[in-house]
Amino acid sequence: AQKITQTQPGMFVQEKEAVTLDCTYDTSDQSYGLFWYKQPSSGEMIFLIYQGSYDEQNATEGRYSLNFQKARKSANLVISASQLGDSAMYFCAMSPLFGNEKLTFGTGTRLTIIP
Amino acid sequence: DAGITQSPRYKITETGRQVTLMCHQTWSHSYMFWYRQDLGHGLRLIYYSAAADITDKGEVPDGYVVSRSKTENFPLTLESATRSQTSVYFCASSEMGGSNQPQHFGDGTRLSIL
């Protein structure tokens, strides 16, 4: 069974600072995928970034990067130069090798950017 | 670029009534999913479909029915709504199955059952 743990229920960060959202996972699979989603107050779920377990480089998408440490089973999301529009819930999720229907979500971190 | 569309966005109904939530995607993605999001439980998979006419149960399928006669549509029906089914429902799609396939979500339907 897979499990995702997000230990920060809420975070407050000053605008323009970098922020790291923590995600640890547990799985017995050797191959898996890790995802981050953003859920603004308007409610939609927005896909941000993907990291494959065999990818040697950390994934990056614009201001988002994923700090992947396989031995520690962590997949932290880093947002550089935070903006007010980054205020949202952020969910870490994991998919096993076969079947992304078994996507497992963490409980989320509520990020608030302070002007 | 319509993507994935859910309707209605908001729905209020009474216990015992049948209600259908619609989901339409324009990407021709093979896989489609229905989730519910509840405080304290996060997102839980209700049903998913790997292709037209192929559906399978997720974590919490009881009380729900799905169909997928066309690739682009994946309606979710509550045959006899109960208060415990009050939730926010999300439809999602992915191009294929597999661990490297992100799911893309609709805007959600907020369903209240009185």
Side-chain angles (χ1 to χ4, degrees), chain A residues 1-6 9-10 23 25 27-55 59 61 64 66 68 70 75 77 88-110, chain B residues 2-6 8-10 23 25 27 29-51 54-61 66 68 74 87-111:
Chain A
Q2 303 176 122
K3 186 176 180 182
I4 294 282
T5 302
Q6 294 181 254
C23 172
Y25 59 91
T27 182
S28 55
D29 290 345
Q30 295 301 307
S31 183
Y32 46 86
L34 295 156
F35 304 85
W36 277 92
Y37 287 86
K38 173 184 179 181
Q39 187 175 37
S41 58
S42 49
E44 68 271 29
M45 292 285 285
I46 303 165
F47 164 65
L48 294 178
I49 194 167
Y50 158 79
Q51 177 84 42
S53 59
Y54 284 113
D55 292 342
E61 288 287 348
Y64 303 109
L66 204 152
F68 180 48
K70 194 170 182 178
L77 178 71
M89 281 289 285
Y90 288 81
F91 292 93
C92 181
M94 177 177 184
S95 177
L97 173 61
F98 295 112
N100 67 340
E101 71 273 13
K102 294 180 175 60
L103 191 63
T104 302
F105 286 85
T107 52
T109 295
R110 181 170 297 280
Chain B
I4 186 163
T5 307
Q6 292 184 236
R9 287 298 310 276
Y10 304 92
C23 179
Q25 52 105 355
W27 292 309
H29 283 175
S30 293
Y31 278 72
M32 296 187 75
F33 309 84
W34 273 107
Y35 291 90
R36 60 179 290 174
Q37 185 179 31
D38 305 288
L39 279 174
H41 291 282
L43 278 137
R44 292 182 290 174
L45 182 67
I46 303 170
Y47 270 96
Y48 70 97
S49 168
I54 300 174
T55 62
D56 209 347
K57 296 177 180 179
E59 181 185 354
V60 289
V66 293
R68 194 162 175 212
F74 191 39
S87 187
V88 179
Y89 290 84
F90 285 98
C91 181
S93 71
S94 66
E95 188 170 358
M96 294 181 289
S99 65
N100 63 341
Q101 296 292 312
Q103 295 182 19
H104 299 277
F105 286 76
D107 289 344
T109 294
R110 188 175 294 274
L111 177 64

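Chain A is the first sequence line, chain B the second, and so forth, proteins listed ahead of strands; every chain is numbered from 1.
Proximity of A/F105 to B/Q37: side-chain heavy atoms (C-beta onward) are nowhere separated by under 4.5 Å. Under the 4.5 Å side-chain criterion, counting only non-hydrogen atoms from C-beta, A/F47 is in contact with B/P102. Within the 4.5 Å cutoff, no side-chain heavy atoms of B/Q103 are placed close to those of A/F35.
Looking at A/Q39, the atoms closer than 4.5 Å to chain B (heavy atoms on both sides) all sit in the side chain, from C-beta outward. With a 4.5 Å cut-off on non-hydrogen atoms, A/S42 touches chain B through its backbone but not through its side chain.
A distance of 11.0 Å separates CG of B/L43 from OG1 of A/T104, quoted to the nearest 0.5 Å. Summarising the geometry, atom CG belonging to B/D107 is positioned 8.5 Å from atom CD1 belonging to A/I46; distances are rounded to the nearest 0.5 Å.
In plain terms, the two heavy atoms of A/E44 and B/F90 that are nearest each other are CA-CE2, 4.3 Å.
Other residues, nucleotides and ligands contribute more than 12 heavy atoms inside 6.0 Å of the NZ atom of A/K70. Within 6.0 Å of atom CZ in B/R44, more than 12 heavy atoms from other residues, nucleotides or ligands are found, so the atom counts as buried in its surroundings.
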Handout entry: Derivation and outcome, side-chain contact (heavy atoms from CB on, under 4.5 Å), residues A/L103 and B/F33
Key = CA-CA 10 Å; A/L103 191 63; B/F33 309 84; over 6 Å; no
